[in-house]
Amino acid sequence: MQSVLDKLVYLYYPLLLVLLFAGAKWYGRGKWNEESMSLEQMKTVQGFSAVCIMFHHLSQKTCASWLPKKYIVHGLDFFVPLGYFFVSIFFFCSGYGLYKSLKTKPDYLKGFFRKRVLPLIAGYYLSGAVYLLVRFLMGEKFTPYSLFCYVSGIKLCNTNAWFVIALPTFYLFFYLAYRFCRNEKLALLFVCLGIFCYTWIGTYVNHPDYWMRGEWWYNSVHLFPIGLFFAMKEEKILANMKKLYPLRLILSFVLTIGFYVLSEIAQAIWGYYGEAWHADHIVLRRWGCLMTQVAASCAFVYFVVLLCRKVKLGNRVLRFFGTITMEFYLIHGIFIELFGFSFLDITRPVYYIRNVALFVAVVIICSIPAALLFRELLQFVLHPAIYPEKWKRRKTSA
């Protein structure tokens, strides 16, 4: 039975709603948010999604069903199965943003890898180095082979860093497709084929210690080509959204819940892992589970886009998180492990915070300055020659 202090965690639910809708502008009948797909609005949505992903990871450390029973403290149960919903937002925005940039920025594909892919790869290896240092300070013992795997990136030192491995892969699909295909429909088809092959490989991998470790690597990636398609047909899609808008909004919300419930039933019957089944059935039941999650995440993203047509989201806090989404995503896991019941199931934490409300607060308080520091380190790694001059200008302006 939860104590009064334990129940304080439930305050985060209304606080998240306040965070989302504080400063929002609501559009009445016949009026629309014509900036619903603007960079500022998309960054705001991604900022909120980054916070929700943090809550998802916190829930997996506090109340997931697979945890030892003595460490389960309920409160964040809502977030345990919903991580792919919020990651879907990122993939959708990535696909949408790439196509819009391709159409609005001259010679966008020139220097594409340096401007778009290199920061992700650098972020992956830099976060891995930070995690490796922390793991060493926490007393983890490394063999020469395990150290090689972590340093080379063959093995994830930062277990949350899969996203910044998958995204450059999709960027490569995009670059090849739109660089060498003159027909845009054919280019989109090429990207879809690449995503399908990536997903197909993922369903054949039996959860090793290396890459492609589970369904979270591929159960939201379909939103990347959907984002591309949305950007291609944006004007027509947004115009159609105005027709029967209340019905579309309600139906998308109902379908999100319905497909989510169906996905939970599918996983309860078939399960995602499948290693215990006969080999002929493993991939088949993974695809069965995947299709329900594809439907649920598509309905959810459609609902979010519809909502933004009537509500202009934005406040200082969300805009701030929108500027550090990648850094916050990559770094917050350290503090979840340092103050959870164990450190990566390897050793004892720095201090185990059993009260979930306090645990959440400590992780947020630590993660924000750490993300800002990580951003500065990443900028220094990417631009070592010009970074000192940037720092001087900041000090002068301050």
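The chain is numbered in sequence order, starting from 1. Note that these values count all heavy atoms, side chains included, but never hydrogens, waters or copies made by symmetry.
- Between Trp217 and Tyr198, the gap from one ring centroid to the other reaches at least 6.0 Å.
- Under the 30°/60° scheme for interplanar angles, the aromatic rings of Tyr10 and Tyr13 are found to lie parallel.
- Taking Glu337 as the reference, Lys61 meet the salt bridge (Lys or Arg N to Asp or Glu O under 4.0 Å) condition, with sequence neighbours excluded.
- Ring-plane geometry between Phe170 and Phe224 is classed as tilted, the angle between the planes lying from 30 to 60 degrees on a 0 to 90 degree scale.
- Tyr99 pairs by the ring-ring contact (aromatic ring centres under 6.0 Å, His included) definition with nothing, not counting sequence neighbours.
- Hydrophobic side-chain contacts under 4.5 Å tie Leu244 into a cluster, directly or through other members, with Leu247.
- Residues forming a salt bridge (Lys or Arg N to Asp or Glu O under 4.0 Å) with Arg116 (at least two apart in sequence, or on another chain): none.
- The hydrophobic cluster containing Leu67 also includes Trp66, Tyr71, Ile72, Val80, Phe341, Tyr352, under a criterion of side-chain heavy atoms closer than 4.5 Å among ILVMFWY residues, counted directly or through chains of members.
- Annotation: ring-ring contact (aromatic ring centres under 6.0 Å, His included) contacts of Tyr124 (sequence neighbours excluded): none.
- Taking a cutoff of 4.0 Å between a charged side-chain nitrogen and a carboxylate oxygen, Glu35 and Lys312 qualify as a salt bridge.
- A 4.5 Å side-chain heavy-atom check between Ile154 and Phe148 finds at least one atom pair inside the cut-off.
- Aromatic pair Tyr218/Trp200: ring centres not closer than 6.0 Å.
- Residue Ile250 is found in a hydrophobic cluster whose other members, listed by chain and number, are Val254; membership requires side-chain heavy atoms under 4.5 Å apart, directly or through intermediates.
- The aromatic rings of Phe335 and Phe339 lie parallel to each other, their planes meeting at an angle below 30°, with 60° marking the opposite boundary.
- Taking a 4.5 Å side-chain heavy-atom cut-off between Ile, Leu, Val, Met, Phe, Trp and Tyr, the cluster of Leu147 extends to Leu132, Leu133, Phe136, Leu137, Phe142, Tyr150, Val151.
- Using a cut-off of 4.0 Å between Lys/Arg side-chain N and Asp/Glu carboxylate O, Lys103 and Glu184 are scored as salt-bridged.
- Every residue two or more places apart in sequence or in another chain that forms a salt bridge (Lys or Arg N to Asp or Glu O under 4.0 Å) with Lys100 is listed here: Glu234.
- In this structure, Lys25 has no salt bridge (Lys or Arg N to Asp or Glu O under 4.0 Å) partners at least two apart in sequence or on a different chain.
- Contacts classified as ring-ring contact (aromatic ring centres under 6.0 Å, His included) and involving residues 282-308 (residues at least two apart or in different chains) are given here: Phe85-Phe300, Phe196-Trp287, Phe253-Phe303.
- With sequence neighbours left out, Tyr27 forms a ring-ring contact (aromatic ring centres under 6.0 Å, His included) with no residue at all.
- Using a 30° and 60° split on the angle between ring planes, Phe163 and Phe91 fall in the tilted class, from 30° to 60°.
- Interatomic distance, CZ of Phe321 versus OG of Ser49, reported as 12.5 Å (0.5 Å rounding).
- Heavy-atom neighbours of Arg354 CZ from other residues, nucleotides or ligands within 6.0 Å: above the threshold of 12.
- Evaluated for a side-chain hydrogen bond (donor to acceptor under 3.5 Å, both in side chains) with Ser36, the options Lys310, Arg309, Gln41 yield exactly one hit, Arg309.
- Proximity of Val164 to Leu330: side-chain heavy atoms (C-beta onward) are separated by under 4.5 Å at one or more points.
- Side-chain contact between Tyr171 and Tyr175 is absent, with no heavy-atom pair separated by less than 4.5 Å.
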